[in-house]
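Note that ligands are numbered from 1 as they come in the structure, with each ligand's atoms numbered from 1 the same way. When a residue number appears, it is its place in the shown sequence, counting from 1.
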Amino acid sequence: AKKIGRNKVFYFTEHLNEKLSRRIALENDLRSALTNQEMFIEFQPQVELSSEKVNAAEALIRWEHKEFGLISPGEFIEIAEKTGDIVKIGQWIIEKCCEYLRTHQDKMKDFTIAINISPYQLNHRNFSKHFDDILKTNGISTNNIEIEITESLMMENMERNINKLEELTSKGIKIAVDDFGTGYSSLSYLLKLPISKIKIDKSFINALEESEESKMIVRTIIDMSHNLGYKVIAEGVETLEQLEFLKNHNCDQIQGYYYSKPIKMQKLLNQYLNE
Ligand code: C2E
Ligand code: CA
Ligand code: CA
Ligand code: CA
């Protein structure tokens, strides 16, 4: 075996301990994060290219931890899925979004909020019933809601997922396939799903300037989606060049830092819904 110096081993275990204790702390603190009001939602505008209007936004959860500061959902969603807290947190996000839609219904009546749904949430019993109840309680039309489910999730438990998703679409909720292109979908399976939008993963958008291949891939995804009757949105759009490319190839919507970072609801209302 390779010899490592004593200090290195020490550093390594220290580092590991630190990571582990952070994880354990997060696992514990997740339980009370909602009641302590440490969670909030930001909204990232989605721009419709034909009208150049912000007609939708994706809801993205944030956790302001009292000790560690802002924690990315990339870190804590996975933990919440493991502890089961995702069900409660996911429910809260839906409630919160519906509350916003109701409070600002004058400005938001033609606006769509896209909500990320975790597989654990989707497979929880009564998910679609709960969803429906929240919509009814707030008097929200299903037109105002879209859900995003990652491509890789859709590929697992196919039969069950098709049923779950059909329960939602039968109520009028639209479904977008998130991170498209990263999950090795079988196209024949994709065709069986009741989806209405494809969200091109940001890795492809990111690579647009670097290779002809990625241009071809993005163009092909857009054309294929349109031929199948789906809308297409590109995520992670950061440059004017990317935007122009997507516009020239008839992508329906874009989302990304080029246009706006995720922002608070008040700012969304002030900046984009103020007519
Ligand atoms: P996602 O659904 O793919 O969300 C897109 C992520 O890309 C977001 O990160 C967003 O802030 C970031 N992003 C947006 N525009 C750009 C850009 O131009 N460039 C780059 N490099 N990044 C951009 P965020 O907010 O950290 O979320 C990370 C992931 O956490 C999300 O990926 C999603 O899988 C998950 N997540 C976030 N909110 C929720 C939620 O409410 N529920 C569930 N189940 N998962 C969530
Ligand atoms: Ca998403
Ligand atoms: Ca995505
Ligand atoms: Ca992602």
Side-chain angles (χ1 to χ4, degrees), residues 26 30 33-34 38-47 54 56-65 69-100 112-124 127 131 134 145-154 174-183 185 195 197-209 218 221 232-243 245-246 251 253-265 267-268:
L26 293 185
L30 257 181
L34 277 181
E38 292 168 3
M39 297 219 169
F40 61 98
I41 304 172
E42 286 190 325
F43 295 88
Q44 188 173 34
Q46 299 181 334
V47 188
V54 173
E58 177 178 8
L60 294 158
I61 189 149
R62 304 287 177 250
W63 182 12
E64 182 73 53
H65 188 275
L70 200 62
I71 302 168
S72 114
E75 181 175 7
F76 74 81
I77 290 289
E78 185 225 319
I79 302 177
E81 287 175 340
K82 207 191 119 223
T83 61
D85 287 301
I86 189 67
V87 174
K88 217 173 54 191
I89 294 171
Q91 180 98 350
W92 177 80
I93 295 164
I94 298 169
E95 279 165 17
K96 209 66 198 154
C97 288
C98 287
E99 204 180 294
Y100 280 127
T112 301
I113 295 184
I115 302 176
N116 292 287
I117 301 293
S118 144
Y120 296 82
Q121 216 183 330
L122 184 72
N123 288 325
H124 193 258
F127 171 72
F131 206 138
I134 301 170
I145 301 277
E146 183 175 271
I147 66 174
E148 294 190 4
I149 298 180
T150 62
E151 186 192 5
S152 43
L153 151 70
M154 290 200 179
K174 289 191 283 318
I175 297 170
V177 183
D178 204 354
D179 300 350
F180 185 80
T182 63
S185 307
I195 54 181
K197 192 184 280 180
I198 297 283
K199 194 165 194 180
I200 308 176
D201 189 68
K202 54 178 173 293
S203 57
F204 296 106
I205 307 306
N206 198 269
L208 273 181
E209 274 125 79
V218 170
I221 296 177
V232 192
I233 181 168
E235 69 176 359
V237 178
E238 294 182 353
T239 68
L240 179 62
E241 288 75 15
Q242 293 164 355
L243 170 66
F245 180 88
L246 293 160
C251 188
Q253 284 174 305
I254 59 131
Q255 177 183 345
Y257 297 161
Y258 178 75
Y259 197 81
S260 170
K261 296 209 156 156
I263 51 179
K264 298 271 172 65
M265 176 54 79
K267 188 166 175 193
L268 181 81

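- Checking Glu235 against the Ca ion (ligand 3), an N/O/S atom falls under the 3.0 Å cut-off.
- Proximity of Ser118 to ligand 1, defined as any heavy-atom pair under 4.0 Å, is shared by backbone and side chain alike.
- Of all heavy-atom pairs spanning Phe204 and Val218, the tightest one is CB-CG2, 3.9 Å.
- Ligand 1 places these atoms under 4.0 Å from at least one heavy atom of Gly256: 15 (N), 18 (O).
- When Gln255, Arg62, Glu42, Glu235 are checked for heavy-atom proximity to atom 25 (O) of ligand 1, Arg62 turns out nearest.
- In summary, Asp179 places an N/O/S atom under 3.0 Å from the Ca ion (ligand 3), meeting the contact criterion.
- Among Lys88, Lys82, Glu81, the single residue meeting the side-chain contact (heavy atoms from CB on, under 4.5 Å) criterion with Asp85 is Lys88.
- Near Pro73, meaning under 4.0 Å from any of its heavy atoms, are these atoms of ligand 1: 24 (P), 25 (O), 26 (O), 27 (O), 28 (C), 30 (O), 36 (N), 37 (C).
- The atoms of ligand 1 that sit less than 4.0 Å from any heavy atom of Glu58 are 2 (O), 4 (O).
- Residues Lys199 and Phe180 are not in side-chain contact: their nearest non-hydrogen atoms beyond the backbone lie 4.5 Å or more apart.
- When heavy-atom distances to ligand 1 are checked against a 4.0 Å cut-off, Lys202 comes that close only through its side chain, counted from C-beta outward.
- Remark: ligand 1 and Ile93 share no N or O pair separated by less than 3.5 Å (distance only, no angle test).
- No side-chain heavy atom of Asn206 sits less than 4.5 Å from a side-chain heavy atom of Asp201.
- In plain terms, the two heavy atoms of Glu64 and Phe40 that are nearest each other are CB-CE2, 4.2 Å.
- Heavy-atom neighbours of Tyr120 OH from other residues, nucleotides or ligands within 6.0 Å: at or below the threshold of 12.
- Close approach of ligand 1 to Glu238 (heavy-atom distance below 4.0 Å) involves ligand atoms 17 (C), 18 (O), 19 (N), 20 (C), 21 (N).
- Residue contacts with ligand 1 for Asn206 are absent, since no atom lies close enough (heavy atoms, distance under 4.0 Å).
- Look at Asn116 and the Ca ion (ligand 2): an N/O/S atom of the residue is under 3.0 Å from the metal.
- A pairwise comparison of heavy atoms in Gly236 and Lys202 identifies CA-CB, 3.7 Å as the closest pair.
- Side-chain contact between Ile61 and Ile77 is present, with heavy atoms from C-beta onward closer than 4.5 Å.
- Considering backbone and side-chain atoms together, Gln44 places an N or O closer than 3.5 Å to an N or O of ligand 1.
- Checked by atom type, the side-chain pair Glu58/Gln44 shows no donor-acceptor distance below 3.5 Å.
- The Ca ion (ligand 3) lies closest to atom OD1 when only the N/O/S atoms of Asp178 are considered.
- The two residues Gln242 and Ile205 make their nearest non-hydrogen contact at NE2-O, 3.3 Å.
- Using a 4.5 Å heavy-atom cutoff, the side chains of Lys197 and Gln253 are in contact.
- Residue Leu60 touches ligand 1 through backbone and side chain together, judged by heavy-atom distances below 4.0 Å.
- Ligand 1 is never approached by Gly90 to a heavy-atom distance shorter than 4.0 Å.
- Near Pro262, the atoms of ligand 1 lying under 4.0 angstrom from a non-hydrogen atom of the residue are 11 (O).
- The two residues Trp92 and Ile41 have their closest heavy-atom pair at CZ3-CG1, 3.9 Å.
- Considering backbone and side-chain N/O atoms, Gln121 never comes within less than 3.5 Å of an N/O atom of ligand 1.
- Less than 4.0 angstrom separates some heavy atom of Asp179 from each of these atoms of ligand 1: 3 (O).
- Glu58 contributes atom OE2 as its closest N/O/S atom to the Ca ion (ligand 2).
- If you look at Ile41 next to ligand 1, there are no close heavy atoms at all, none under 4.0 Å.
- The two residues Met39 and Leu30 have their closest heavy-atom pair at CE-CD2, 3.7 Å.
- For the Ca ion (ligand 2), the nearest N, O or S atom contributed by Glu148 is named OE1.
- The shortest N/O to N/O separation between Tyr258 and ligand 1 does not fall below 3.5 Å.
- Listed for the Glu75 side chain is no donor-acceptor partner under 3.5 Å among the backbone atoms of Ser72.
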